[in-house]
Amino acid sequence: MEQQTFYDSDADLKHIQSKSIGIIGYGNQGRAQALNLRDSGIVDISIGGIKDSSLERAVSDGFNTGTIEEVAANADILFLLIPDEVLPAIYQKSIAPHLKSQVILNFASGYNITFQKIIPSPQADVIMVAPRMIGEGVRDLYSKGAGYPCFVAVEQDCSGKGLTTALAIAKGIGATKIGATQVTFKQETIMDLFAEQATWPLIEKVLVSAFEFQVAQGLPAAAVLSELYLSKEPAYMFEKMADIGFFKQMDLHSRTSQYGQLSRFEQVDATFIQEFMSKAFKEINDGRFAEEWEQEQATGMNNFKKLKSQALAHEMNQVEDQVKGHR
Ligand code: NDP
């Protein structure tokens with residue numbers, strides 16, 4: 001599929017203006033997207049959820065609210081904005097039996113469709129508007145008149161209006177300002193999981209190993225952590241990579257630093273990295289990770305809890321607390 005990016009001028013809010021919009025979930029994405037849509041002039045918005053603090057917040061923000069069943073039954077376009085791992089059970093029990101036959105289902109992540117944890121009725125349109133931004137950023141950047149990147153996708157297009165609807169939603173939530181790129185549900189899922197399961201674990205292992213190695217050489221732990229990330233210099237570098245360019249931002253570093261980085265970058269043997277990525281990619285692509293994660297949830301998340309407590313017991317945590325105590 002040829003990749004295409006769409007901007008404000010490619011999208012028209014009229015495709016959603018007369019529709020009844022239901023939003024299931026009022027968390028990170030649900031709240032931000034609902035507020036942005038309302039500020040974009042979309043009037044018929046209802047929030048569905050269980051009776052909890054999220055729903056109370058939707059009431060105090062001035063939205064109509066209802067049970068998940070009620071909102072699902074009334075919606076022409078239904079946003080599914082509850083966590084991916086809890087959505088399939090809720091979809092099956094409280095959403096699917098109540099939907100209008102020609103509903104448009106709007107996901108913010110490809111996961112449940114890609115791995116067939118949710119199989120919508122063949123009469124429904126199935127689209128995705130997936131901000132590449134945390135909910136707080138979705139709201140903040142919209143309020144400031146700025147944009148953020150986003151993926152749009154169409155999996156089922158019974159009405160023939162899947163893409164125009166997805167683009168109208170993307171515009172309404174402020175995501176076509178700097179470009180909404182069309183991908184498939186599967187591509188979004190793979191890119192998202194690959195970042196989580198390959199790119200970031202490798203980066204995290206490098207940082208933890210760099211800490212352990214330098215402390216073992218007798219270097220002061222707090223200073224090592226400061227050099228690694230507590231100074232926020234890497235955060236600043238990442239911002240410059242996005243603004244100026246991955247390699248181009250190196251001009252902001254000393255020449256000693258640039259020479260050191262570039263000459264040693266060339267010396268890194270990427271064989272292991274490629275093998276690790278290849279394994280992660282295969283396990284994502286053939287659904288093995290999705291099965292593993294489902295199994296983990298079904299058996300009480302014991303491994304997940306163990307991994308988290310191991311991570312929080314690492315010496316780096318105490319060093320961070322000491323450093324932050326002095327800030
Ligand atoms: P949140 O964790 O913020 O939760 C969303 C809502 O779901 C909350 O209102 C929450 O209620 C409700 N909820 C949680 N568990 C249940 C349950 N068992 N029954 C009923 N309601 C429940 O989700 P996000 O907004 O982070 O994610 C929503 C979607 O957006 C997902 O598909 C995610 O992949 C996608 N996405 C998320 C991004 C992000 O930055 N977070 C970025 C891009 C896409 P309560 O608060 O009461 O628990």
Side-chain angles (χ1 to χ4, degrees), residues 21-37 45-61 63-72 77-96 98 105-118 120 126-142 147-153 155 166 169-170 172-176 178 180-181 183 185-197 200 284 289-290 293-294 297-298 301 304:
I21 294 188
I23 298 182
I24 306 295
Y26 201 69
N28 294 315
Q29 288 295 325
R31 180 167 190 266
Q33 295 195 22
L35 292 171
N36 291 3
L37 282 175
I45 302 172
S46 303
I47 312 295
I50 45 175
K51 278 213 168 87
D52 65 359
S53 55
S54 285
L55 211 60
E56 280 167 23
R57 197 163 190 207
V59 173
S60 73
D61 285 340
F63 285 107
N64 291 327
T65 61
T67 63
I68 295 176
E69 289 84 350
E70 285 164 355
V71 170
I77 305 174
L78 191 68
F79 289 40
L80 297 163
L81 298 179
I82 57 180
D84 294 329
E85 66 275 18
V86 296
L87 184 55
I90 291 171
Y91 181 83
Q92 203 173 359
K93 181 168 172 280
S94 310
I95 297 177
H98 307 282
L105 295 172
N106 176 39
F107 290 79
S109 141
Y111 192 98
N112 284 310
I113 294 293
T114 300
F115 296 119
Q116 299 185 316
K117 304 293 174 204
I118 291 177
V126 179
I127 62 173
M128 175 170 61
V129 178
R132 313 325 281 165
M133 182 56 62
I134 56 171
E136 218 177 278
V138 166
R139 180 61 184 157
D140 260 14
L141 291 163
Y142 177 92
Y148 51 88
C150 174
F151 289 149
V152 288
E155 184 80 6
I169 293 168
I173 65 168
T176 42
I178 62 165
T181 300
V183 296
F185 270 63
K186 185 160 188 190
Q187 286 170 342
E188 190 275 343
T189 306
I190 290 180
M191 288 186 283
D192 198 37
L193 296 183
F194 188 83
E196 293 163 5
Q197 293 170 41
W200 283 105
I284 294 167
F289 171 79
W293 178 217
E294 189 164 304
Q297 292 167 69
M301 304 256 221
F304 181 43

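This is a predicted model, so every value here is computed, not measured. Numbering of ligands and ligand atoms starts at 1, following listing order. FYI, side chains are in, hydrogens and waters are out, and symmetry mates aren't considered; it's all heavy atoms of this structure.
When hydrogens are left out, the protein atom nearest atom 14 (C) of ligand 1 is Pro83 CD, 3.5 Å; that is the closest non-hydrogen contact. Nearest protein neighbour of atom 48 (O) of ligand 1, counting heavy atoms only, is Asp52 OD2, 4.3 Å. Atom 40 (O) of ligand 1 has Ile134 CA, 3.2 Å as its closest protein atom, hydrogens excluded (heavy atom only). When hydrogens are left out, the protein atom nearest atom 44 (C) of ligand 1 is Ala108 O, 3.4 Å; that is the closest non-hydrogen contact. Closest to atom 37 (C) of ligand 1 among all protein heavy atoms lies Gln29 CG, 3.6 Å. Of the protein's heavy atoms, Ser54 OG, 4.0 Å lies nearest to atom 10 (C) of ligand 1.
Of all the atoms in ligand 1, the ones that sit under 4.0 Å from a non-hydrogen atom of Gly27 are 3 (O), 5 (C), 6 (C), 8 (C), 9 (O). Taking every heavy atom of Tyr26 and a limit of under 4.0 angstrom, the matching atoms of ligand 1 come to 6 (C), 8 (C), 9 (O). Residue contact check: Met133 has heavy atoms under 4.0 Å from atoms 40 (O), 42 (C) of ligand 1. Atoms of ligand 1 found under 4.0 Å from any heavy atom of Ser109 (numbered from 1 in listed order, with element): 32 (O), 34 (O).
Without hydrogens or angle criteria, Asn112 side chain to Pro88 main chain gives no donor-acceptor distance under 3.5 Å. The backbone N or O of Ile173 sits less than 3.5 Å from a side-chain atom of Asn36, completing a donor-acceptor pair. Tyr26 places no side-chain N or O within donor-acceptor distance of the main-chain N or O of Ala58, the cut-off being under 3.5 Å.
Residue contacts with ligand 1: Asp84 is placed with a nitrogen or oxygen under 3.5 Å of a nitrogen or oxygen of the ligand (distance criterion only).
Here Asn106 contributes atom CG and Leu80 contributes atom CG; the two are 7.5 Å apart, rounded to the nearest 0.5 Å. In this structure, CD1 in Ile77 is found 5.0 Å from CD1 in Ile169, a value given to the nearest 0.5 Å. From Ile127, atom CD1 reaches atom CD1 of Ile113 across 11.5 Å, with rounding to the nearest 0.5 Å.
Residue-ligand proximity: Gly49 is placed with every non-hydrogen atom at 4.0 Å or more from ligand 1. For the pair Pro131 and ligand 1, a heavy-atom separation below 4.0 Å is found.
At a heavy-atom distance under 4.0 Å, no atom of Arg132 approaches ligand 1. In Ile50, the part holding a heavy atom less than 4.0 Å from any atom of ligand 1 is the side chain.
Between Ala72 and Ile24, the shortest heavy-atom distance links the atoms N-CD1, 4.5 Å.
At most 12 non-hydrogen atoms from other residues, nucleotides or ligands lie less than 6.0 angstrom from CD of Glu136.
Here the options are Thr114, Asp84, Asp192, the test is side chain to side chain donor-acceptor pair (under 3.5 Å), and the partner is Ser109; only Asp84 passes.
By the 30° and 60° cut-offs, the orientation of the rings of Phe289 relative to Trp293 is parallel.
Distances from atom 26 (O) of ligand 1 to the heavy atoms of Ile82, Val86, Ile24, Asn28 put Asn28 nearest. Residue Leu81 holds the heavy atom nearest to atom 6 (C) of ligand 1 of all those in Leu81, Ile90, Leu87.
Between Arg132 and Glu188, at least one side-chain N (NZ, or NE/NH1/NH2) sits under 4.0 Å from a carboxylate O, which counts as a salt bridge.
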